[in-house]
Amino acid sequence: MTIRVLLADDQALLRGTFRMLIDSDPDMEVVAEAATGREAVHLARTRHIDLILMDIRMPDLDGLGATKLISDDPNLAGVKILVLTTFENDEYVAEALRAGASGFLGKGINPDELLNAIRVVAAGDSLLSPTATKALIARFLAQPAAPGPQAPPELAALTPREHEVVILVAAGLSNDEIAERLYVAPLTAKTHVNRAMTKLGARDRAQLVVMAYQAGLASPHA
């Protein structure tokens, strides 16, 4: 199945470069382009989009605001957002994930890494495995916007094993690493992760990590 991509970036030259790269892959295609965040939201609502490659700094509405509007729209539940930006600072990572993005990359990545990232995020996973990204998530998501961590009531529905798996996901472990840690098959680990996501209403692993930190299940010092 072809991954339908929306490019959201205020620089036409970059959009053209990304379009050529993405369209060169037989498994994906660029179906629309947006120069502002508000235009990205409009196109997400009016076109059949699987994934949005979202810049942060754009006129009218920035990428973080656009990401939140799209993530909060129940009609766009299947749309994944991969933030791609020149500004790779800690705060942007945290804000992007809180807004509902499934991944965060710098524009300095190589073409193969970008294409692989699109595949990973479109498949419902998230880009949380690199050590540097885990450190940023741990540092900033441990400081939720609310006065204190509040566990969602759905947390009580998790089995002890699912609870344990959520903590391991928050630590940045992949399904294979979780399986190895818990001495279970990778498919079993994936099943536990998927069930935890369903019970907590998480869009993907990125949002599951956000929930784990905000609920106090994980901390940067654990």
Side-chain angles (χ1 to χ4, degrees), residues 1-88 92-93 95-130 133 194 197-198 201-210:
M1 183 177 295
T2 301
I3 302 171
R4 298 168 59 86
V5 179
L6 164 62
L7 297 177
D9 195 297
D10 62 339
Q11 298 185 47
L13 181 59
L14 282 178
R15 294 201 309 272
T17 301
F18 291 144
R19 174 183 281 274
M20 286 190 294
L21 173 63
I22 293 169
D23 286 346
S24 70
D25 190 294
D27 297 328
M28 56 188 75
E29 66 172 331
V30 174
V31 296
E33 296 183 21
T36 71
R38 205 164 297 283
E39 187 178 1
V41 174
H42 172 72
L43 289 170
R45 289 172 173 166
T46 57
R47 302 289 298 271
H48 178 201
I49 303 295
D50 298 312
L51 179 141
I52 302 173
L53 203 57
M54 184 81 76
D55 187 24
I56 287 184
R57 292 196 174 181
M58 292 186 290
D60 188 23
L61 177 68
D62 67 19
L64 297 174
T67 295
K68 181 165 178 54
L69 287 176
I70 292 168
S71 298
D72 288 347
D73 190 332
N75 294 321
L76 301 177
V79 178
K80 305 299 182 182
I81 299 175
L82 174 58
V83 172
L84 187 65
T85 178
T86 306
F87 306 96
E88 295 181 79
Y92 277 155
V93 174
E95 289 181 2
L97 295 181
R98 284 198 186 103
S102 297
F104 187 102
L105 293 174
K107 290 181 178 177
I109 63 171
N110 66 50
D112 288 341
E113 287 176 327
L114 177 58
L115 294 178
N116 181 65
I118 291 173
R119 293 189 190 93
V120 168
V121 172
D125 212 331
S126 54
L127 300 178
L128 301 176
S129 56
T133 303
N194 288 342
M197 286 170 53
T198 298
R203 290 167 56 96
D204 49 35
R205 291 172 78 100
Q207 191 175 25
L208 191 62
V209 170
V210 173

Worksheet entry | Working for side-chain contact (heavy atoms from CB on, under 4.5 Å), residues Ile70 and Met54 | CA-CA 11 Å; Ile70 292 168; Met54 184 81 76; 4.0 Å; yes
Fill in: Where Ile52 and Ala8 come nearest, the two heavy atoms and their spacing
CG2-CB, 4.2 Å
Worksheet item: Which atom pair, heavy atoms only, marks the closest approach of Arg119 to Asp27?
Response: NE-OD2, 4.5 Å
Fill in: Contact summary for Leu14 and Asp9, nearest pair of heavy atoms
CD1-OD2, 4.0 Å
Worksheet item: Quick one: CG on Leu21 to CD1 on Ile118, what's the gap to the nearest 0.5 Å?
Response: 7.0 Å
Worksheet entry | Candidate list Val121, Ile56, Leu105, test side chain to side chain contact (heavy atoms under 4.5 Å, CB included), partner Val83, passing option | Ile56
Worksheet item: Just one of Ile3, Val31, Ile81 clears the side chain to side chain contact (heavy atoms under 4.5 Å, CB included) bar with Ile49, so which one?
Response: Val31
Worksheet entry | Shortest non-hydrogen separation from Glu39 to Thr36 and the atoms involved | N-OG1, 3.0 Å
Item to complete: List the atom of Arg15, the atom of Ala35, and the distance in Å for their closest heavy-atom pair.
Response: NH1-CB, 3.8 Å
Discussion item. Show the nearest heavy-atom pair for residues Ala34 and Leu6, with the distance to one decimal.
Written reply: N-CD1, 4.1 Å
Discussion item. Could you tell me if the side chain of Asn75 sits less than 4.5 Å from the side chain of Arg45, heavy atoms only?
Written reply: no
Practice prompt. Evaluate the side-chain proximity of Val79 to Asp73: yes if any heavy-atom separation is below 4.5 Å, no if none is.
Written response: no
